[in-house]
Peer 1: 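I have a structure I would like to understand better, so I am pasting it below and will then ask my questions one at a time.
Each ligand, and each atom within it, is numbered from 1 in the order the structure gives.
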Amino acid sequence: MSNIKDLEDRCSDILGPEAVLSDEPSRQFYGRDWIKDFKPNASFVVLPSTTEQVQQVVRLCNERMVPLVPSGGRTGLSGGATATNGEVVLSLERMRKILEVNQIDRTLRCEAGVVLERIQLEASSRGLYFPVDFSTRGSSQIGGNLATNAGGIRVIRYGNIRDWVVGLRAVTGAGELVELNGSLFKNNTGYDLRHLMVGSEGTLGVITEATLRLTTPPKDVSRVLCGLSSNDEVLPLLAFCRDNLRDLSAFEFMERRALQEVIHHRSLRDPLSQAYPSYVLVEVELNWPGASEQLENTFGEAYEKGLITDVVVSESVAQAQELMNLRDLIGETLSSHYTLHKNDISVPVPSIPAFLHELHAAINEKYAALRAVVFGHVGDGNLHVNILKTSGISDTDFWKACHEADHTVFSLVQRYGGSVSAEHGVGLLKRDFLGYSRPQYQIDLMRNIKRAFDPLGILNPGKIFAAC
Ligand SMILES: Cc1cc2nc3c(=O)[nH]c(=O)nc-3n(C[C@H](O)[C@H](O)[C@H](O)COP(=O)(O)OP(=O)(O)OC[C@H]3O[C@@H](n4cnc5c(N)ncnc54)[C@H](O)[C@@H]3O)c2cc1C
């Protein structure tokens with residue numbers, strides 16, 4: 001009997017046959033993530049229901065030296081959850097219990113397979129708030145969110161998900177069950193291993209449970225869409241908003257084409273009177289009695305000072321949602337209507353305008369058949385650089401040109417002291433470009449950390465860096 005068949009049978013004994021899938025559609029489905037750049041080739045899929053079952057599977061894989069890919073909602077955009085090399089996929093989708101909500105210390109404990117939106121709703125039903133939010137809230141899982149240190153639109157006010165994790169339970173690559181920090185808010189007893197697990201993309205351990213911090217919900221929010229005469233106006237407006245608005249919770253930037261594609265393809269109404277070269281969507285929490293007036297006055301003054309050319313302030317919940325849809329739908333709209341190469345990078349906030357100038361100049365000069373369309377969470381320096389295929393180039397030549405253009409973009413990112421992955425992780429997609437952001441000694445340190453958690457290299461080998 002082959003090693004893999006034997007492993008499959010042992011998993012079946014432990015988890016039950018219904019929790020082990022080896023049919024072709026399941027291997028295809030669970031073997032890839034949202035970007036679909038990598039051909040799936042999973043051996044089989046396991047769906048454990050408890051931490052103890054996860055531990056047994058990890059130990060079996062260690063005994064047989066078979067690699068394992070932890071898998072969440074597979075909405076990742078860097079190939080982190082893909083199984084391309086005969087790995088076993090370990091999906092957390094059956095581990096979806098909310099275990100406890102503690103109103104006194106405002107925490108929520110849940111299994112790793114709970115989708116983000118359920119956590120938001122559970123918090124809200126108790127009069128509390130989980131502020132981490134982005135458009136895959138309905139399908140990405142908290143384990144995947146933690147493993148990628150997810151960000152999103154409210155990072156400027158609330159930080160990344162790392163700031164919201166109190167404790168974790170995980171099974172290391174060696175098969176040890178680790179309880180990291182429990183429910184403590186203060187614990188200075190050496191290295192904080194919980195934070196090593198956050199952002200580790202399934203290479204150190206399988207997260208099976210998380211305790212998350214909750215907070216007070218905003219009383220109300222308002223959103224404002226601004227039309228700008230150029231990308232150069234974005235940072236003066238950011239500084240002005242920071243100086244004048246008390247509870248700024250999002251500051252999203254969109255180039256003309258990003259927003260206009262959504263309006264056109266979704267048949268939506270343009271809330272502004274005409275198209276502008278650049279847009280900013282601002283979200284403000286209205287937590288105190290004078291907040292609405294402050295908002296109106298701030299944007300009135302921004303208009304008078306010439307920081308913005310046009311503006312619409314939401315006047316109802318429905319209109320606030322309409323404005324957010326324009327931002328939320330960009331990724332999906334571009335992907336549905338174009339052959340598209342995505343990049344998620346960050347640069348220091350003050351250098352964004354200069355970076356954008358150089359980026360467009362470099363792409364236009366070297367790659368006449370490519371178009372760069374940029375949008376992103378500009379308040380924290382995070383830009384989504386999308387390269388669109390035009391009709392003047394074949395598919396094959398497009399992907400070849402994109403590969404070359406990646407080096408152009410990442411050299412620029414490096415020169416500006418930026419990161420080749422702001423919030424989507426490294427996975428397989430950015431692995432060969434890691435050196436643009438991390439010097440070799442840091443990559444070596446990361447490899448040593450991996451060896452400490454996963455001595456046989458069972459967990460997600462080849463992701464972040466080449467297999468040890
Ligand atoms: C349209 C769109 C918009 C997006 N917007 C944002 C955004 O604004 N901000 C943002 O940060 N991301 C965004 N993303 C990326 C993605 O949604 C996030 O990275 C998300 O956190 C991934 O969660 P997941 O459950 O889908 O993880 P997966 O894709 O399943 O896995 C991601 C990585 O985590 C590992 N992993 C999964 N579960 C576990 C676990 N339990 N234990 C250990 N490792 C695990 C996997 O092995 C893989 O390496 C977006 C994606 C799309 C498609």
Peer 1: Donor-acceptor pair, distance only, cut-off 3.5 Å: does the side chain of S346 make one with the backbone of G381?
Peer 2: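 Looks like no, no N/O pair under 3.5 Å.
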Peer 1: State whether the side chain of N149 and the backbone N or O of N160 hold a donor-acceptor pair below 3.5 Å, judged by distance alone.
Peer 2: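 Such a contact is absent between N149 side chain and N160 backbone.
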Peer 1: I'd like to know if G427 contacts ligand 1, where contact means a heavy-atom distance under 4.0 Å to any ligand atom.
Peer 2: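 For ligand 1, residue contact (heavy atoms, under 4.0 Å) with G427 is absent.
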Peer 1: Is there a donor-acceptor pair closer than 3.5 Å between any side-chain N or O of Q120 and the backbone N or O of V132?
Peer 2: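 Answer holds: yes.
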Peer 1: Is a side-chain N or O of N382 found less than 3.5 angstrom from the main chain of H377, in a donor-acceptor match?
Peer 2: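 No; judged by distance alone, with no hydrogens or angles, the pair does not exist.
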Peer 1: Could you tell me, atom by atom, which parts of ligand 1 come under 4.0 Å of a heavy atom of G80?
Peer 2: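 Listed by number with element: 47 (O), 48 (C), 49 (O).
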Peer 1: Parallel, tilted or perpendicular for Y129 and Y158, by the 30°/60° rule?
Peer 2: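 Because their plane-to-plane angle is over 60°, the rings of Y129 and Y158 count as perpendicular.
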Peer 1: Quick check on contacts: which atoms of ligand 1 are under 4.0 angstrom from a heavy atom of L77?
Peer 2: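 Answer, ordered by atom number: 50 (C), 51 (C), 52 (C), 53 (C).
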Peer 1: What pairs with S421 under side chain to side chain donor-acceptor pair (under 3.5 Å), at least two apart in sequence or on another chain?
Peer 2: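 In terms of side chain to side chain donor-acceptor pair (under 3.5 Å), with neighbours along the sequence ignored, S421 is linked to no residue.
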Peer 1: For atom 45 (C) of ligand 1, which candidate among G152, A147, G205, G76 provides the closest heavy atom?
Peer 2: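 Going through G152, A147, G205, G76 one by one, A147 has the nearest heavy atom to atom 45 (C) of ligand 1.
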Peer 1: Relative to the heavy atoms of H377, which atoms of ligand 1 are at a distance of less than 4.0 Å?
Peer 2: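 Those of ligand 1 that fall under 4.0 Å from H377 are 8 (O).
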Peer 1: So, the side chain of N460 versus the backbone of E201: is there a donor-acceptor pair under 3.5 Å, distance only?
Peer 2: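 Between the backbone of E201 and the side chain of N460 there is a qualifying donor-acceptor contact (under 3.5 Å).
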Peer 1: Nearest heavy atom to atom 4 (C) of ligand 1 wins, so pick from A112, A81, S135, G72.
Peer 2: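 Answer by nearest heavy atom: S135.
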Peer 1: Please work out, at 4.0 Å between heavy atoms, whether the side chain, the backbone, both, or neither of E332 comes within that distance of ligand 1.
Peer 2: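 E332 to ligand 1: no contact under 4.0 Å from either part.
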Peer 1: Take D328 and R137 through the test salt bridge (Lys or Arg N to Asp or Glu O under 4.0 Å) and record every step on the way to the result.
Peer 2: CA-CA 11 Å; D328 262 0; R137 64 185 73 80; 3.5 Å; yes
Peer 1: I'd like to know if the side chain of K463 and the backbone of T82 have a donor-acceptor N/O pair within less than 3.5 Å.
Peer 2: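 Yes, the answer is positive, given that a donor and an acceptor are paired below the 3.5 Å cut-off.
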Peer 1: What atoms of ligand 1 come within less than 4.0 Å of a heavy atom belonging to A150?
Peer 2: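 Heavy-atom distances to A150 below 4.0 Å select 11 (O), 21 (O).
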Peer 1: Out of I330, L428, I207, V171, indicate the one that has the non-hydrogen atom closest to atom 40 (C) of ligand 1.
Peer 2: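 Residue with the shortest heavy-atom distance to the ligand atom: I207.
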Peer 1: Below 3.5 angstrom, do we get any N/O pair linking V206 and ligand 1?
Peer 2: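 Among all N and O atoms of V206, none is under 3.5 Å from an N or O of ligand 1.
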Peer 1: With salt bridge (Lys or Arg N to Asp or Glu O under 4.0 Å) as the criterion, how do R157 and E285 come out once you've worked through the C-alpha distance, each side chain's angles and the decisive distance to 0.1 Å?
Peer 2: CA-CA 10 Å; R157 177 149 168 78; E285 293 180 359; 3.0 Å; yes
Peer 1: Of all the atoms in ligand 1, which lie at a distance below 4.0 Å from a heavy atom belonging to L92?
Peer 2: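 Those of ligand 1 that fall under 4.0 Å from L92 are 41 (N).
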Peer 1: Could you tell me, atom by atom, which parts of ligand 1 come under 4.0 Å of a heavy atom of T136?
Peer 2: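 Listed by number with element: 2 (C), 17 (O), 51 (C), 52 (C), 53 (C).
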Peer 1: Enumerate, atom names and distances included, each donor-acceptor pair closer than 3.5 Å involving a side-chain atom of residues 168-176, sequence neighbours excluded.
Peer 2:
from	atom 1	to	atom 2	distance (Å)
R169	NE	E179	OE2	3.0
R169	NH1	E209	OE2	3.2
T172	OG1	A174	N	3.2
T172	OG1	G175	N	3.4
T172	OG1	E176	N	3.1

Peer 1: Is the closest heavy atom of M197 to ligand 1 under 4.0 Å?
Peer 2: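 Checking ligand 1 against M197, which is what was asked, there is no heavy-atom contact under 4.0 Å.
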Peer 1: Among the heavy atoms of R74, does any lie under 4.0 Å from an atom of ligand 1?
Peer 2: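 Under 4.0 Å: yes for R74.
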Peer 1: For atom 53 (C) of ligand 1, which candidate among Y30, F134, W34 provides the closest heavy atom?
Peer 2: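 Residue with the shortest heavy-atom distance to the ligand atom: W34.
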Peer 1: Can you tell me if G425 contacts ligand 1 (heavy atom of the residue under 4.0 Å from the ligand)?
Peer 2: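 Contact check G425 vs ligand 1: negative.
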Peer 1: Just let me know how N145 lines up against ligand 1, side chain, backbone, both or neither, with a heavy-atom cut-off below 4.0 Å.
Peer 2: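 N145 to ligand 1: contacts from backbone and side chain alike.
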Peer 1: Check whether any heavy atom of N460 sits under 4.0 Å from an atom of ligand 1.
Peer 2: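 Judged by the 4.0 Å heavy-atom criterion, N460 does count as contacting ligand 1.
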